[in-house]
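First the structure, in the form of structure tokens, and then the observations on it.
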Amino acid sequence: MPVARPEPQEPRVIAHLDLDCFYVQVEQRRNPALRGQPTAVVQYNDWKGGGLIAVSYEARKFGVKRSMRGDEAKHVCPGINLVQVPVSRDKADLNVYRSAGSEVVAILSTKGKCERASIDEVYLDLTDAAKEMLSESPPESSEFIFEEATKSNILDLTSDASDREENVKAWLCRADADYQDKLLACGAIIVAQLRVKVLEETQFTCSAGIAHNKMLAKLVSGMHKPAQQTVVPSSSVQDFLASLPVKKMKQLGGKLGSSLQDDLGVETVGDLLGFTEEKLQEYYGVNTGTWLWKTARGISGEEVEDRLLPKSHGCGKTFPGPKALKTNTAVKSWLDKLCEELSERIQSDLNCNKRVAQTLTLHARASKENECNSVKKFPSKSCPLRYGTGKIQEDAMKLFESGLHDFWGYRNTGWSITSLSVTASKIFDIPSGTNSILRYIKGPSSGASSTIVDPSSTPDLTPFVGNVTQTDIAHVHEEQCQPSSSIKEDCDNSSLAKQCGATEEKGVSKKLSKAQESGSILKFLSQSQSAFHEKRNFDGLICSNQGHESSSGASEAGQHGKTNINTAGDHSAGNTWMLNVEDIDPDVVGELPLEIQREIQGWIRPSKHASTKKRGSTISSYFSPSRR
DNA sequence: ACGGATGGCACG
DNA sequence: TCGTGCCAT
């Protein structure tokens with residue numbers, strides 16, 4: 001249920017940007033012959049022509065809709081081009097679209113707080129940028145207004161086609177406008193500039209809404225599509241909402257919206273004004289009641305989050321009807337594929353963004369054979385996430401078995417699985433200070449590269465390290481996760497590549513020596529080698545490196561065609577080493593430099609309250625098994 | 001044979 | 001906290 005947020009007193013300038021039929025645009029960029037053609041993107045072509053997930057505007061004219069089957073689309077629009085979503089491991093692979101989305105986010109995140117709302121949607125808080133423009137180069141005293149901005153749709157600004165742009169320009173430059181409206185005008189200009197920049201740099205068009213809050217911005221971003229923007233002056237909100245069907249509001253497209261209609265006779269947002277806040281709370285609870293009351297008045301305090309990356313990664317597949325999985329073997333086989341992809345994606349997230357996921361969750365849908373449709377839900381199950389494809393597969397299968405156990409009780413026959421998915425969540429940044437321990441462990445690209453290989457500026461850990469042997473290193477390498485090639489270029493393609501840092505490769509011998517050093521450090525931190533192999537769940541991560549030679553000779557770096565740059569983004573050379581937090585020897589850590597101790601605390605993270613209160617505040621207290 | 005694959009959020 | 005919904009595209 002939605003919940004109201006406190007309303008900031010200062011007026012804000014919020015934008016919502018939405019890529020137009022995004023998947024189609026991605027395919028059109030890849031194959032320009034598709035431009036201007038009726039086109040749709042489909043997945044799984046075998047059954048009724050596959051399901052449409054994006055439809056070009058040319059095709060929409062024929063009545064082609066999302067959720068149609070390919071066959072239906074062909075029927076209403078015989079000339080339509082159907083492009084298939086890439087398939088990898090026998091399932092749809094959306095990585096090309098994710099990557100393309102990141103390109104856009106990179107551009108949009110330059111002007112203010114930016115929230116990646118989905119693969120093709122972004123919220124911006126442009127308040128500061130708008131204020132700056134207003135004080136330094138206000139539209140009203142500018143000779144030229146950015147042309148794309150003059151094509152804006154201003155809610156309530158009625159004008160016929162002939163003088164529309166003149167009227168818009170006049171509105172944008174109005175000297176007698178509210179402070180609020182002036183800010184909005186600046187916001188509109190900034191968004192127009194951003195949209196043009198996105199188009200220039202990615203060839204993608206997008207639509208946008210500019211308003212004083214997220215709700216209104218989102219509401220209108222889709223009003224004029226494609227490739228247009230819409231502004232909501234606060235003076236127009238009341239009338240606009242009055243006649244708006246409740247179902248159009250975000251969050252009201254489902255059951256809550258239906259309930260408003262069916263139970264309260266509320267057809268439009270305006271109808272909601274007839275209810276007091278208390279009355280709405282009576283029906284829907286305090287939170288939702290207040291939210292509804294505010295929503296009816298165009299009030300929304302929800303802030304734009306500063307987040308460019310997703311909060312979770314999920315891989316799933318459905319097995320409709322006859323495709324349902326009925327054996328453990330079939331489930332295992334599919335789960336393995338899903339986990340492979342998931343592993344690749346979190347590995348990429350780690351390499352590119354220095355983030356680690358902590359929780360693995362399995363979702364499934366199941367139906368029982370004979371026994372009359374007992375629609376019992378298959379329970380989701382989760383556990384701490386251990387890195388490494390094999391471990392994820394192993395854990396996922398266990399989660400499945402656990403779920404199946406609950407699903408069935410004890411009798412174990414005749415189930416069938418109609419969907420499976422695995423999700424990695426609770427993702428955190430890995431701290432990386434200048435004096436980070438990662439400098440000891442990672443390759444040259446981790447910090448100041450020169451100091452890494454310069455012993456004089458690198459604190460000497462020798463006293464703590466003890467014997468370094470090849471077996472230590474081999475042991476560490478066992479824990480490596482090698483991403484496959486399919487998302488190898490993720491970092492390079494996405495703007496996020498910058499975060500990977502770019503460095504020239506150092507000599508192999510130096511890297512080897514770094515590897516030895518890091519292996520020894522891991523060994524040094526590790527209390528018991530055998531613990532690595534126990535079935536316990538992974539509860540922490542020591543490091544990722546970017547730039548070491550892989551131990552296997554099968555490095556594909558050469559195929560990359562890029563020498564010399566961004567070894568960090570080159571997955572083929574990136575290894576990740578992991579160590580179970582439970583295996584870190586607290587006594588030994590206690591002797592490390594303080595800064596490093598603090599950093600290690602950061603890895604153990606669960607921060608908030610988890611361990612500190614229960615177990616005191618010394619670092620060693622973090623290393624007793626924290627869960628399970 | 002539910003459009004499918006992903007995501008986010010609030011609740012209990 | 002985890003698991004369940006609901007919502008969105």
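Chain naming here is simple, since letters A, B, ... match the order of the sequence lines and numbering starts at 1 in each.
Between the CG atom of A:D18 and the C1' atom of B:dG7 there is a distance of 15 Å, given to the nearest Å. Going from atom CE of A:M215 over to atom C1' of B:dC9 covers 18 Å, rounded to whole Å. Spacing between atom CG of A:L219 and atom P of C:dA8 amounts to 12 Å, rounded to whole angstrom units. Distance, A:H313 NE2 to B:dA5 P: 18 Å, rounded to whole Å. Per the geometry, NZ belonging to A:K381 stands 9 Å off C1' belonging to C:dC2, to the nearest Å. Between the CZ atom of A:R345 and the P atom of B:dT6 there is a distance of 6 Å, given to the nearest Å. Here B:dG4 presents its P atom at 8 Å from CH2 of A:W47, a figure rounded to the nearest Å. Atom-to-atom, NZ of A:K91 to C1' of B:dG3 comes out at 16 Å; the value is rounded to the nearest Å.
An OP1 or OP2 oxygen of C:dT4 is reached within less than 4.0 angstrom by a side-chain nitrogen or oxygen of A:S380. Between A:K317 and B:dT6, a side-chain N or O to OP1/OP2 separation shorter than 4.0 Å is absent. Residue A:S312 places at least one side-chain N or O closer than 4.0 Å to OP1 or OP2 of B:dG8. The side chain of A:R98 contributes an N or O atom lying less than 4.0 Å from OP1 or OP2 of B:dT6. The side chain of A:K250 contributes no N or O atom lying less than 4.0 Å from OP1 or OP2 of C:dA8. A:K426 has a side-chain polar atom (N or O) that falls below the 4.0 Å cut-off from OP1 or OP2 of C:dC2. The shortest distance between the side-chain N/O atoms of A:K214 and the OP1/OP2 oxygens of B:dG8 is not below 4.0 Å.
Stacking annotation: A:Y44 is not stacked on the base of B:dG4 (requires ring centroids less than 5.5 angstrom apart and an interplanar angle below 30 degrees).
The nucleotide whose nearest atom lies closest to any side-chain atom of A:Q43 is, among B:dG3, B:dG8, B:dG4, B:dG4. Closest to the side chain of A:P310, from the set B:dG8, B:dA5, C:dG3, is B:dG8. Closest approach to the A:P379 side chain among B:dG7, B:dA10, C:dT4 is made by C:dT4 (side chain taken as heavy atoms from C-beta onward). Relative to the side chain of A:N287, the nucleotides B:dC11, C:dA8, C:dG5 differ in distance, and B:dC11 lies closest. The side chain of A:R66 lies closest to B:dG3, out of C:dC7, B:dG3, B:dT6. Listed nucleotides: B:dC9, C:dT9, B:dA5. Nearest to the side chain of A:E305: B:dC9. Considering only side-chain atoms of A:K311, the nucleotide from B:dA5, B:dC2, B:dG8 that sits closest is B:dG8. The side chain of A:R5 has B:dA10 as its nearest neighbour among B:dC9, B:dA10, B:dG3. Taking the side chain of A:T318 as heavy atoms from C-beta on, and the options B:dG3, C:dC6, B:dA5, the nearest nucleotide is B:dA5. Of the candidates B:dA10, B:dC9, C:dC6, the closest approach to any side-chain atom of A:V3 belongs to B:dA10.
Using a 4.0 Å heavy-atom criterion, one finds that A:L52 contacts the bases of the nucleic acid, with or without backbone contacts as well. Here A:P322 lies in heavy-atom contact (under 4.0 Å) with a base. Heavy atoms of A:K65 sit nowhere under 4.0 angstrom from any nucleic acid atom. Within the nucleic acid shown, A:R69 comes within 4.0 Å of sugar-phosphate atoms alone, with no base atom in reach, counting heavy atoms only. Looking at heavy-atom distances under 4.0 Å, A:K323 makes no contact with the nucleic acid at all.
In this structure, A:S421 and A:M68 both approach DNA chain B, and ranking their closest nucleotides by distance from the 5' end singles out A:M68. Of the two residues near DNA chain B, A:T418 and A:L94, the one whose nearest nucleotide lies more 5' is A:T418. Of the two residues contacting DNA chain C, namely A:Q251 and A:M1, the nearest-nucleotide position lying further toward the 5' end is that of A:M1.
Judged by the 6.0 Å and 45° rule, A:K317 forms a cation-pi pair with A:Y44.
Here the OH-CZ distance, from A:Y123 to A:R116, works out to 13.5 Å after rounding to the nearest 0.5 Å. Once rounded to the nearest 0.5 Å, the distance linking CZ of A:R98 with CG of A:D120 reads 12.5 Å.
A:T39 and A:E58 share no side-chain donor-acceptor pair at under 3.5 Å.
Screening A:E121, A:K250, A:E115, A:M215 for a side-chain contact (heavy atoms from CB on, under 4.5 Å) involving A:H16 leaves a single residue, A:E121.
Residues A:F319 and A:W334 place their aromatic rings such that the two centres sit under 6.0 Å apart.
Look at the C1' atom in both C:dC6 and B:dC2: the space between them is 16 Å, to the nearest Å. With P as the reference atom, B:dA1 and C:dC7 are 24 Å apart, rounded to whole Å.
Salt bridge absent: A:E302 and A:R5 never bring a charged side-chain N and a carboxylate O closer than 4.0 Å.
Annotation: A:H75, atom NE2; neighbour count of heavy atoms from other residues, nucleotides and ligands within 6.0 Å does not exceed 12.
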